[in-house]
Amino acid sequence: MSTKNAAPAKATTTKPHPSSAAPAVTTAATTPPPGPMVRAEAVTGIGNVVTDEKGMTLYSFGKDQANPSKWTCAGSCTKTWTPVITEGSVQTSGVDKSLLGTVHRDGKPQLTLAGWPLYRYVGDTAAGQVNGQGKDKEWYAITPTGRK
């Protein structure tokens with residue numbers, strides 16, 4: 001068999017038609033979901049306190065420890081005072097990110113501010129409420145600097 005009269009093969013490049021291109025895929029590894037937010041907000045009658053991404057006030061418990069961070073609210077206490085559990089990085093607004101940390105609670109990270117473990121109060125049902133302020137003379141809305 002002779003290839004004498006065969007035309008030489010040409011190299012060709014085929015570009016996919018724009019409508020047939022594979023869609024871009026974003027994975028958690030390339031774009032992490034936004035983490036929870038803590039921010040400073042002015043509350044009438046109290047001043048600046050720290051709230052979560054929904055505007056719910058965050059509290060510290062006077063029986064906990066800040067240095068080293070230690071939580072003491074357990075059992076039925078956590079039904080009224082919900083620990084702020086966080087995974088990943090926390091976004092901030094008006095709160096110094098260097099003051100944030102975590103303390104382990106049953107294998108999960110509880111958010112801390114200036115070492116104080118943070119909680120939400122079930123009696124706060126709307127953003128901006130501070131119904132837990134001064135409860136049992138132990139619970140206080142936390143300020144952006146970590147004070148009650």
Side-chain angles (χ1 to χ4, degrees), residues 9-148:
K10 285 186 177 177
T12 59
T13 304
T14 309
K15 292 184 180 178
H17 188 273
S19 65
S20 67
V25 176
T26 303
T27 64
T30 59
T31 309
M37 165 72 87
V38 292
R39 60 181 168 228
E41 287 194 30
V43 174
T44 304
I46 289 187
N48 281 339
V49 299
V50 176
T51 65
D52 66 11
E53 65 275 3
K54 295 177 183 173
M56 303 303 285
T57 303
L58 301 182
Y59 295 89
S60 64
F61 182 37
K63 292 183 179 178
D64 286 351
Q65 277 183 210
N67 190 14
S69 294
K70 181 180 176 186
W71 53 268
T72 58
C73 176
S76 63
C77 177
T78 61
K79 292 182 188 326
T80 304
W81 301 94
T82 308
V84 178
I85 303 299
T86 183
E87 298 288 336
S89 68
V90 177
Q91 309 300 310
T92 62
S93 176
V95 177
D96 184 347
K97 198 165 189 156
S98 71
L99 294 176
L100 296 177
T102 59
V103 62
H104 288 284
R105 172 182 277 278
D106 303 323
K108 296 179 181 177
Q110 181 176 357
L111 187 63
T112 62
L113 178 61
W116 291 103
L118 299 178
Y119 302 85
R120 292 179 187 93
Y121 178 54
V122 297
D124 289 345
T125 57
Q129 291 182 338
V130 287
N131 297 322
Q133 178 69 6
K135 280 275 192 215
D136 303 323
K137 297 181 183 174
E138 294 287 350
W139 293 94
Y140 294 93
I142 197 161
T143 71
T145 59
R147 299 187 188 275
K148 53 182 174 178

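The first residue in the sequence is number 1, and the count goes up from there. Any value given below was found using the heavy atoms of this structure, including those in side chains, with hydrogens, waters and symmetry copies removed.
Closest non-hydrogen pair, Gly115 versus Ser69, comes out as O-OG, 2.7 Å. When every heavy atom of Asp64 is checked against every heavy atom of Cys73, the shortest pair comes out as OD1-N, 3.7 Å. The minimum heavy-atom distance between Glu41 and Thr51, with the atom names listed, is OE2-OG1, 3.0 Å. Of all heavy-atom pairs between Ala40 and Pro144, the closest is CB-CG, 3.5 Å. The two residues Gly128 and Val43 make their nearest non-hydrogen contact at O-CG1, 3.8 Å. Nearest heavy-atom pair, Gly123 versus Gln129, reported as atom, atom and distance to 0.1 Å: O-OE1, 3.8 Å.
Between Trp139 and Trp81, the ring-plane angle classifies as parallel under the 30° and 60° cut-offs.
A donor-acceptor distance shorter than 3.5 angstrom exists from the side chain of Tyr59 to the backbone of Gly132, with no hydrogens or angles considered. Judged by distance alone, the side chain of Arg39 and the main-chain N or O of Glu53 form a donor-acceptor pair under 3.5 Å. Within the 3.5 Å criterion, the main-chain N or O of Val103 finds no donor-acceptor partner in the side chain of Gln110. Distance alone, capped at 3.5 Å, places no donor-acceptor pair between the Asp136 side chain and the Glu138 backbone. Side-chain N or O atoms of Gln91 include none that pairs as donor or acceptor with a backbone N or O of Met37 at under 3.5 Å. Without hydrogens or angle criteria, Thr143 side chain to Arg147 main chain gives a donor-acceptor distance under 3.5 Å.
Separation of atoms OG1 (Thr80) and CZ (Arg120) is listed at 15.0 Å; rounding is to 0.5 Å. Atom OG1 of Thr125 and atom CE of Met56 lie 6.5 Å apart (nearest 0.5 Å). Taking OG1 of Thr78 as the reference point, atom OH of Tyr119 lies at 9.0 Å (rounded to 0.5 Å). Atom NZ of Lys148 and atom CH2 of Trp116 lie 7.5 Å apart (nearest 0.5 Å). Taking OG1 of Thr57 as the reference point, atom CG of Asn131 lies at 8.5 Å (rounded to 0.5 Å). Atom CG of Leu113 sits about 10.5 Å away from atom OG1 of Thr92, to the nearest 0.5 Å.
A side chain to side chain contact (heavy atoms under 4.5 Å, CB included) with Val90 holds for exactly one of Thr102, Leu100, Val95, Val84; it is Leu100.
More than 12 heavy-atom neighbours from other residues, nucleotides or ligands sit within 6.0 angstrom of NZ on Lys97.
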